[in-house]
Amino acid sequence: MLALNLERILRRIERARLSYNAHHIVSLVAVSKYQSQDEIRALYECGQRAFGENKVQDLRLKYQALNDVPLEWHFIGTLQENKINALLAMDISLLHSLDSLKLAHALQKRLGEKKIRALLQVNAANEASKSGVAVESAKDIYIQITQSCPNIILEGIMSIGAHSDNRSHIEQSFKLTRDVFDSVRDFGAKTLSMGMSGDFEMAIAYGANLVRIGSRLFARD
Ligand SMILES: *Cc1c(COP(=O)(O)O)cnc(C)c1O
């Protein structure tokens with residue numbers, strides 16, 4: 001089942017990226033937040049290497065249990081300041097959810113000699129339930145982080161599409177995120193992380209080059 005799900009998702013990503021631009025490369029993060037270590041291991045055996053978790057405690061357990069496998073871990077959830085040390089104790093490939101200047105400063109303070117790759121999360125749908133900086137202040141905050149946090153390697157923008165059944169609302173949130181991304185390209189942004197199970201093709205049509213897919217990948221139908 002997993003192998004077939006992965007194959008289907010990769011094929012859909014391939015089709016979406018080709019219709020956007022033949023030179024556009026899209027990477028997949030398998031969101032494993034509801035999966036056990038056995039399922040992660042099984043998907044790894046199908047060829048998937050990058051996995052995403054949204055809770056530091058869960059990530060730590062899976063990170064330890066799977067330390068014999070060369071996985072690439074992504075942190076995609078809200079990071080509380082009191083969990084920063086626990087996160088930094090692990091070797092994380094990319095923090096997608098840097099969601100405020102205050103968090104960036106707290107992170108910078110605890111990084112010491114370490115460096116971390118990160119994306120600035122934008123609340124493009126302007127939803128109270130979501131973290132992230134406002135679209136209007138995103139460029140300014142992005143620049144401030146690059147200037148005041150030398151140990152944070154800021155590589156781009158992340159957003160979660162609007163929580164809506166209305167496709168045009170979702171589309172609008174991707175468009176706004178893309179505009180923010182374009183505005184910070186001159187400051188080193190190269191990764192645009194957006195798109196989940198229900199909307200990743202639309203996200204790719206707006207230039208996403210990193211998609212985060214969970215439920216569709218691990219579905220049992
Ligand atoms: C859970 C989650 C996803 C994956 O969502 P699915 O709809 O299961 O594909 C992607 N990004 C974030 C930040 C998540 O929390």
Side-chain angles (χ1 to χ4, degrees), residues 1-2 4-13 16 26-36 39-40 42-43 46 48-63 71-80 83 87 92-100 103 116-133 138 155-167 169-171 173-174 176-178 180-181 191-221:
M1 198 72 254
L2 275 181
L4 187 58
N5 287 354
L6 180 62
E7 190 188 314
R8 284 182 176 144
I9 293 284
L10 291 176
R11 214 177 277 162
R12 286 172 60 187
I13 290 173
V26 177
S27 303
L28 168 66
V29 172
V31 176
S32 49
K33 62 191 179 195
Y34 300 132
Q35 312 305 324
S36 68
E39 279 151 320
I40 296 173
L43 193 61
C46 300
Q48 178 65 26
R49 252 182 121 105
F51 289 86
E53 289 285 330
N54 68 340
K55 296 211 170 72
V56 174
Q57 313 86 286
D58 294 350
L59 173 57
R60 187 160 53 182
L61 290 173
K62 292 173 185 174
Y63 184 91
L71 300 181
E72 189 187 292
W73 288 106
H74 293 243
F75 191 75
I76 61 171
T78 302
L79 177 60
Q80 286 156 349
K83 302 280 165 55
L87 185 77
I92 298 300
S93 176
L94 185 65
L95 167 65
H96 291 229
S97 42
L98 188 57
D99 59 13
S100 69
L103 179 64
I116 190 166
R117 296 168 58 224
L119 306 177
L120 181 65
Q121 183 173 350
V122 175
N123 189 354
N126 198 16
E127 288 165 331
S129 60
K130 280 189 192 129
S131 331
V133 302
E155 296 192 344
I157 297 292
M158 178 273 224
S159 83
I160 300 173
H163 183 72
S164 170
D165 293 331
N166 185 335
R167 303 296 283 177
H169 282 164
I170 305 173
E171 199 168 345
S173 61
F174 288 152
L176 286 170
T177 310
R178 167 60 184 269
V180 169
F181 176 66
T191 300
L192 179 54
S193 167
M194 61 184 188
M196 322 201 308
S197 291
D199 56 23
F200 68 90
E201 283 140 321
M202 190 191 279
I204 293 170
Y206 280 92
N209 55 17
L210 190 53
V211 293
R212 311 175 307 267
I213 300 181
S215 50
R216 196 59 248 153
L217 205 43
F218 292 100
R220 291 165 192 286
D221 55 11

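Treat the numbers as computed from the prediction; the structure is a model and nothing was measured. Order of appearance sets the numbers: ligands from 1, and atoms from 1 within every ligand.
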### Query
Does a sphere of radius 6.0 Å around NZ in Lys130 hold more than 12 heavy atoms from other residues, nucleotides or ligands, not counting ones at 6.0 Å or beyond?
yes
### Message
Could you check whether atom CG of Asp165 has more than 12 heavy atoms from other residues, nucleotides or ligands sitting under 6.0 Å from it?
### Response
no
### Task
May I ask you to decide whether Arg117 forms a salt bridge with Glu72, counting only side-chain N to carboxylate O separations under 4.0 Å?
no
### Region of Lys33 that comes within reach of ligand 1 [heavy atoms, distance under 4.0 Å]
side chain
Atoms of ligand 1 less than 4.0 Å from [X] heavy atoms?
X: Ser215; answer: 6 (P), 7 (O), 8 (O), 9 (O)
X: Ile213; answer: 9 (O)
X: Ser197; answer: 6 (P), 7 (O), 8 (O), 9 (O)

What protein heavy atom lies closest to [atom]? Include the residue and the distance to one decimal.
atom: atom 13 (C) of ligand 1; answer: Ile76 O, 3.5 Å
atom: atom 3 (C) of ligand 1; answer: Met196 SD, 3.6 Å
atom: atom 11 (N) of ligand 1; answer: Arg212 NE, 2.9 Å

### Query
Between Val31 and ligand 1, is there a nitrogen or oxygen pair with a distance under 3.5 Å?
no
### Message
Applying the side chain to side chain contact (heavy atoms under 4.5 Å, CB included) criterion to Met158, which one of Leu94, Leu119, Leu95, Leu98 satisfies it?
### Response
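Among Leu94, Leu119, Leu95, Leu98, the one meeting side chain to side chain contact (heavy atoms under 4.5 Å, CB included) with Met158 is Leu119.
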#### Entry: Gap between atom CG of Asn123 and atom OG of Ser131 - 0.5 Å precision
7.5 Å
### Query
Using a distance-only test with no angle check, is there a side-chain donor-acceptor pair under 3.5 angstrom linking Glu53 and Tyr63?
no
